[in-house]
Amino acid sequence: MRLLSGLLDGREQLWWMTDHGPLRVSDVAALLGHGDQEWTMMRYLADLEHSRDLVHSWWIWAQKQGIKTERVPDVTLAPVPQPSKILCVGLNYRPHVTESQMDIPEYPVFFNKYGNAVLGPGMAVHPPTDAREMDYEAELVMIMGRRAKNVAESAALEYVAGYCNGNDLSARDLQFRTNQWLLGKTADGFGPMGPYMVTVDEIQHPDQLEIVGRRNGIEVQHSNTRQMIFSCAYLISYISRYITLEPGDVIFTGTPEGVILGQPPAQRQWLKSGEKISVSVEGLGELTTLIGEWQS
Ligand code: ZN
């Protein structure tokens, strides 16, 4: 299933993305006598053991019946509009480590974003006034569906609900202003995700996905998640030793080579207002983000 979060009349709702457009989960639920239930992504994730089969059975039924879209979202949101945690992995693809002139890490390098960084698909980011070196980072994002504490690597993917595209937008000047990256990573709108979450049953091998980043339609990043130094399962297992992961937590898994930072200093053309960046991980659709006007 492709599950999409959006706003309808100011309320957050859950849709399936079909080949014909979004189909609201609660509309189908109502047809099946479950009209008392309003569905959001967090509701789906919070009780995944139960909701996964239920929502999937409704989806199968809706397809068989040919149920058509009635109410589409007024605004499409990030799949998890208010994640409880946004964990990010830096330096997780060898060629990107090299282009960044860093050392191959012995342990995963983590940093985080906050909820203010979340940005829906197709939206514009408005960088801070003094951010001069705006860069993109195409990434695979994992969305957690079960509480994970001290989980084994072999079982770690069972805790994932689905995957989506992410763009780890970074203001390099702010990122490297001090030795803590945070400032350049979690300014408002610096964590676009979407356009929807693809459930795990459709992504058998998250570590074998093509990943492409485009700048104004031109391919600038192209790799495969098999190039990751630390795999999806390893990352979850490792994090869960120290931090309990909860349903709705999201993990940005790192970016491959091809970012602006990776170019020789004289050739770097930082992002400007009016540009369009897109991220396409295999099977996850395309996430587009517009670079808007700088804050004044
Ligand atoms: Zn990143």
Side-chain angles (χ1 to χ4, degrees), residues 78-80 83 85-105 107-119 125 127 131 133-144 163-194 206-207 209-215 220-232 234-236 238-239 249-263 268 270-271 277-281 284 287-289 291:
V80 184
K85 299 185 204 75
I86 306 172
L87 282 150
C88 307
V89 185
L91 309 173
N92 201 21
Y93 288 76
R94 282 171 203 279
H96 174 59
V97 177
T98 307
E99 73 174 354
S100 304
Q101 300 180 359
M102 306 264 189
D103 297 323
I104 299 289
Y107 299 102
V109 175
F110 288 108
F111 59 93
N112 66 295
K113 294 178 189 275
Y114 298 104
N116 66 303
V118 173
L119 192 72
V125 61
E133 301 182 350
M134 280 296 295
D135 205 346
Y136 50 80
E137 293 193 355
E139 306 201 6
L140 168 69
V141 173
M142 301 190 277
I143 298 171
M144 303 305 296
Y163 302 92
C164 70
N165 299 298
N167 192 338
D168 173 17
L169 289 172
S170 307
R172 302 302 185 190
D173 45 350
L174 303 184
Q175 181 181 349
F176 300 119
R177 180 179 280 177
T178 65
N179 62 11
Q180 164 58 258
W181 295 357
L182 185 75
L183 191 66
K185 289 290 195 175
T186 190
D188 296 350
F190 274 28
M193 286 177 275
D207 298 302
L209 302 174
E210 290 287 304
I211 177 167
V212 173
R214 292 188 180 83
R215 179 177 187 177
V220 286
Q221 293 187 276
H222 191 167
S223 185
N224 190 290
T225 56
R226 75 168 67 91
Q227 301 294 333
M228 294 198 307
I229 297 168
F230 302 105
S231 71
C232 288
Y234 182 87
L235 290 170
I236 291 167
Y238 182 82
I239 294 168
D249 287 350
V250 300
I251 302 170
F252 282 65
T253 57
T255 198
E257 69 278 15
V259 299
I260 302 171
L261 177 69
Q263 295 167 0
R268 292 172 186 161
W270 304 110
L271 294 175
I277 301 298
S278 67
V279 178
S280 320
V281 176
L284 305 184
L287 167 68
T288 299
T289 302
I291 308 301

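Order of listing sets the numbers, starting from 1, for every ligand and every atom in it.
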For the pair K185 and E137, find out whether any cationic side-chain nitrogen is under 4.0 Å from an anionic carboxylate oxygen. yes
Taking side chain as C-beta onward, heavy atoms only, is F252 less than 4.5 Å from L87? no
Using side chain to side chain contact (heavy atoms under 4.5 Å, CB included) as the criterion, point out the one residue from V250, V80, I236 that pairs with M144. I236
When you look at CZ of F230, are more than 12 heavy atoms from neighbouring residues, nucleotides or ligands closer to it than 6.0 Å? yes
Which of these passes side chain to side chain contact (heavy atoms under 4.5 Å, CB included) with I277: R215, Q221, R214? R215
List-wise, which protein N, O or S atoms are found short of 2.8 Å from the Zn ion (ligand 1)? E137 OE1, E139 OE2, D168 OD2
Closest approach of N112 to L182 (non-hydrogen atoms, all atoms of both residues): O-CD1, 3.4 Å
